[in-house]
There are 2 protein chains.
Amino acid sequence: MPISPDECAHEVLDVVPLVMRTIRTEMRSHRAPGLTVPQFRVLVFLARNDGASLSDVAGHLGLTPPSTSVMVDGLVTRGLVTRRPDSRDRRRLTLALTSEGHAAMESARKFTRDCLAERLEALPESERATVVRAMQLLRPIFVSGKAEETDSEK
Amino acid sequence: MPISPDECAHEVLDVVPLVMRTIRTEMRSHRAPGLTVPQFRVLVFLARNDGASLSDVAGHLGLTPPSTSVMVDGLVTRGLVTRRPDSRDRRRLTLALTSEGHAAMESARKFTRDCLAERLEALPESERATVVRAMQLLRPIFVSGKAEETDSEK
DNA sequence: TATTGTTATACTCTATAACTATA
DNA sequence: TATAGTTATAGAGTATAACAATA
């Protein structure tokens with residue numbers, strides 16, 4: 001049966017918020033680091049982009065600078081991230097994970113993954129493969145903000 | 001290749017927040033109704049479950065009653081939902097969409113679906129079918145709060 | 001003047017705890 | 001006493017607008 005983009009969008013719009021709510025709830029309920037999903041995403045980004053600026057984080061996470069500033073502020077206060085002015089351009093910030101930040105990220109990742117894995121055990125292996133395949137299909141078309149913007153236009 | 005629950009969880013944790021951010025952003029940017037994702041979900045639920053109680057909504061959306069109460073309150077204030085005591089059991093509420101509520105929901109749905117569909121057009125039909133299948137697999141294992149709770153235990 | 005980031009302000013989402021009204 | 005909802009309170013996420021500091 002042919003699946004129209006619209007039908008597909010319908011399913012995605014129905015199910016993705018549902019899964020997201022679980023991720024959020026489980027991550028929140030994990031007492032130790034008590035990281036929220038957006039905070040977690042900042043840590044993951046910094047783990048892969050050590051020394052990124054606030055604008056880098058905002059851009060890659062699709063947030064505004066003020067929102068990002070507030071969130072980073074919280075992470076700094078909690079000792080998970082360091083924030084220092086760039087020596088060459090003192091307007092810019094150099095953000096990096098502390099070792100606690102690294103640990104908190106790993107811990108949250110593991111905990112949340114375990115919770116999800118527990119649910120995903122309900123599926124037979126072949127169906128898990130379908131889910132993985134779908135995620136791999138969705139990833140490239142949802143990265144980096146705008147739909148109509150291609151690399152060549154950048 | 002066998003996919004472990006853990007690998008599958010990894011992919012889901014990576015991609016779902018990505019898709020969700022797009023949904024959120026696009027829904028927010030749709031000026032007219034200006035519905036948020038959670039509000040939208042309440043309207044969708046009420047469209048399919050006319051006369052549902054507040055607990056019904058809370059249960060099916062996986063929210064606590066106070067959160068739901070606040071959100072419904074906002075929707076009532078904006079004229080999108082009616083809230084009346086049930087005549088048989090006056091503790092219960094009877095919630096329903098107004099015609100504006102219906103219109104706002106349809107409008108938001110159409111707008112957001114169009115945005116998603118635009119991105120999903122990038123996939124060939126067979127891959128869209130994979131995505132739909134994955135959503136259908138995920139739905140039942142992420143509905144209604146707890147992972148380990150089955151109907152028989154309820 | 002343009003860029004980077006922050007502060008001020010304001011909403012919404014969401015939870016827990018304590019409460020009211022009805023059964 | 002148990003159930004349905006609400007109110008109070010609190011913290012996070014997010015945005016826009018206005019601002020400060022640096023280039």
Side-chain angles (χ1 to χ4, degrees), chain A residues 17-18 20-31 33-43 51-59 61-78 80-95 108 145, chain B residues 17 20-31 33-43 51-78 80-95 108 145:
Chain A
L18 197 62
M20 193 61 204
R21 200 190 53 222
T22 299
I23 293 176
R24 230 172 260 284
T25 301
E26 278 165 356
M27 198 169 277
R28 234 191 313 262
S29 75
H30 184 26
R31 357 241 156 288
L35 286 173
T36 62
V37 173
Q39 288 171 336
F40 175 69
R41 297 189 71 231
V42 170
L43 297 187
S53 73
L54 192 136
S55 305
D56 291 337
V57 175
L61 269 53
L63 302 171
T64 58
S67 302
T68 310
S69 180
V70 171
M71 211 158 58
V72 165
D73 202 57
L75 293 170
V76 169
T77 300
R78 291 167 61 183
L80 305 179
V81 166
T82 60
R83 175 179 45 186
R84 289 169 359 213
D86 183 328
S87 44
R88 276 136 347 163
D89 181 343
R90 299 213 316 272
R91 293 173 304 181
R92 287 177 144 282
L93 292 179
T94 297
L95 301 172
Chain B
M20 194 61 203
R21 200 189 55 216
T22 299
I23 293 176
R24 229 174 263 285
T25 302
E26 278 165 355
M27 197 169 276
R28 234 193 313 262
S29 76
H30 184 26
R31 355 240 157 290
L35 287 172
T36 62
V37 173
Q39 288 171 336
F40 174 68
R41 297 189 73 232
V42 171
L43 297 186
S53 73
L54 192 135
S55 305
D56 292 337
V57 175
H60 283 268
L61 268 54
L63 302 170
T64 59
S67 301
T68 311
S69 179
V70 171
M71 210 159 55
V72 166
D73 202 57
L75 294 169
V76 169
T77 300
R78 291 168 61 184
L80 305 178
V81 165
T82 60
R83 174 179 45 186
R84 289 169 1 213
D86 183 329
S87 44
R88 271 124 3 147
D89 180 344
R90 300 219 308 279
R91 293 172 303 181
R92 290 177 90 69
L93 292 178
T94 297
L95 301 172

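Per chain, numbering begins at 1; letters A, B, ... match sequence-line order.
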Visitor: In the structure I gave you, are the side-chain heavy atoms of S69(B) and L54(B) within less than 4.5 Å of one another anywhere?
Guide: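 Yes, at least one pair of side-chain atoms sits under 4.5 Å.
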
Visitor: Under 4.0 Å, heavy atoms only, any strand: does T64(B) hit a base, just the sugar-phosphate, or nothing?
Guide: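 If one applies the 4.0 Å heavy-atom cut-off, T64(B) turns out to touch a base.
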
Visitor: Let me know, please, whether V37(A) or P65(B) comes out on the 5' side of the other along DNA chain D by nearest nucleotide.
Guide: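 Comparing both residues, the 5'-ward one is P65(B).
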
Visitor: What integer distance in Å separates R24(B):CZ from dA15(D):P?
Guide: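 Taking CZ of R24(B) and P of dA15(D), I get 11 Å after rounding.
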
Visitor: What is the separation between atom CZ on F40(B) and atom C1' on dT12(C), rounded to the nearest whole Å?
Guide: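 Taking CZ of F40(B) and C1' of dT12(C), I get 17 Å after rounding.
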
Visitor: Write down the distance between CG (L63(A)) and P (dT6(C)), rounded to a whole number of angstrom.
Guide: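 Spelled out: CG on L63(A) to P on dT6(C) is 14 Å.
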
Visitor: Verify the neighbour count for atom CZ of R83(B): are there more than 12 heavy atoms of other residues, nucleotides or ligands below 6.0 Å?
Guide: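 Buried by this count: over 12 neighbours within 6.0 Å.
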
Visitor: Across the strands shown, which category fits D89(A) at heavy-atom distances under 4.0 angstrom: base, sugar-phosphate, nothing?
Guide: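 It contacts sugar-phosphate atoms only.
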
Visitor: Test Q39(A) against V81(A) for side chain to side chain contact (heavy atoms under 4.5 Å, CB included), laying out the working first.
Guide: CA-CA 11 Å; Q39(A) 288 171 336; V81(A) 166; over 6 Å; no

Visitor: With nearest nucleotides of DNA chain D determined for L93(B) and R88(A) from heavy-atom distances, which residue corresponds to the more 5′ nucleotide?
Guide: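 Closest to the 5' end, via its nearest nucleotide, is L93(B).
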
Visitor: Taking only side-chain N and O atoms of T36(A), does any of them lie within less than 4.0 angstrom of OP1 or OP2 on dA12(D)?
Guide: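 Looking at the OP1 and OP2 atoms of dA12(D), neither is under 4.0 Å from any side-chain N or O of T36(A).
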
Visitor: Describe the nucleic acid contact of R41(B) in one word from base, sugar-phosphate, nothing, applying a heavy-atom distance below 4.0 Å.
Guide: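 No contact at all - R41(B) keeps every heavy atom at 4.0 Å or more from the nucleic acid.
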
Visitor: Taking only N and O in the side chain of R91(A), is any of them less than 4.0 Å away from OP1 or OP2 of dG5(C)?
Guide: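 No, outside the criterion.
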
Visitor: Using whole Å, report how far CG of L95(B) lies from C1' of dG5(D).
Guide: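 Checked: the CG to C1' distance equals 11 Å.
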
Visitor: Choosing from dT7(D), dG5(C), dT14(C), which nucleotide comes nearest the side chain of P66(B)?
Guide: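 Side chain of P66(B) sits closest to dT7(D).
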
Visitor: May I ask you to say what S55(A) touches in the nucleic acid, namely base, sugar-phosphate or nothing, with a heavy-atom cut-off under 4.0 Å?
Guide: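 Touches sugar-phosphate only.
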
Visitor: Rounded to whole angstroms, how far apart are CZ on R78(B) and C1' on dC11(C)?
Guide: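 From R78(B) CZ to dC11(C) C1': 11 Å.
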
Visitor: Measure the shortest side-chain to side-chain distance between S53(A) and D56(A) over non-hydrogen atoms and say whether it is less than 4.5 angstrom.
Guide: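 With C-beta onward as the side chain, the pair touches.
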
Visitor: Once rounded to the nearest 0.5 Å, what's the spacing between atom CG of L75(A) and atom CG of L95(A)?
Guide: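 Rounded to the nearest 0.5 Å, the CG-CG separation comes to 9.5 Å.
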
Visitor: I want to check one thing: is the phosphate of dT6(D), taken as OP1 and OP2, less than 4.0 Å away from some side-chain N or O of R83(B)?
Guide: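 Yes, R83(B) has a side-chain N/O under 4.0 Å of OP1/OP2 on dT6(D).
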
Visitor: Give S53(B) one of three labels, base, sugar-phosphate or nothing, depending on what nucleic acid heavy atoms sit under 4.0 Å from its own.
Guide: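 The residue S53(B) makes sugar-phosphate contact but no base contact.
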
Visitor: How many Å lie between CG on L80(A) and P on dA12(D), as a whole number?
Guide: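 Rounded to whole Å, this separation is 12 Å.
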
Visitor: Does the side chain of S69(B) get closer than 4.0 angstrom to OP1 or OP2 of dG5(D) through an N or O atom?
Guide: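 Looking at the OP1 and OP2 atoms of dG5(D), neither is under 4.0 Å from any side-chain N or O of S69(B).
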
Visitor: Can you see if the side chain of Q39(B) gets near the phosphate of dT12(C) - specifically, an N or O under 4.0 Å from OP1 or OP2?
Guide: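 Checking Q39(B) against dT12(C): no side-chain N or O falls below 4.0 Å of OP1 or OP2.
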
Visitor: Which whole-number value in Å describes the distance from L61(A) CG to dT14(D) C1'?
Guide: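 The distance from CG of L61(A) to C1' of dT14(D) comes to 13 Å, rounded to the nearest Å.
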
Visitor: Whole angstrom is fine here: how far is it from CG in D73(B) over to C1' in dC13(C)?
Guide: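 From D73(B) CG to dC13(C) C1': 14 Å.
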
Visitor: Check step by step if side chain to side chain contact (heavy atoms under 4.5 Å, CB included) holds for V57(A) and M71(A).
Guide: CA-CA 11 Å; V57(A) 175; M71(A) 211 158 58; over 6 Å; no

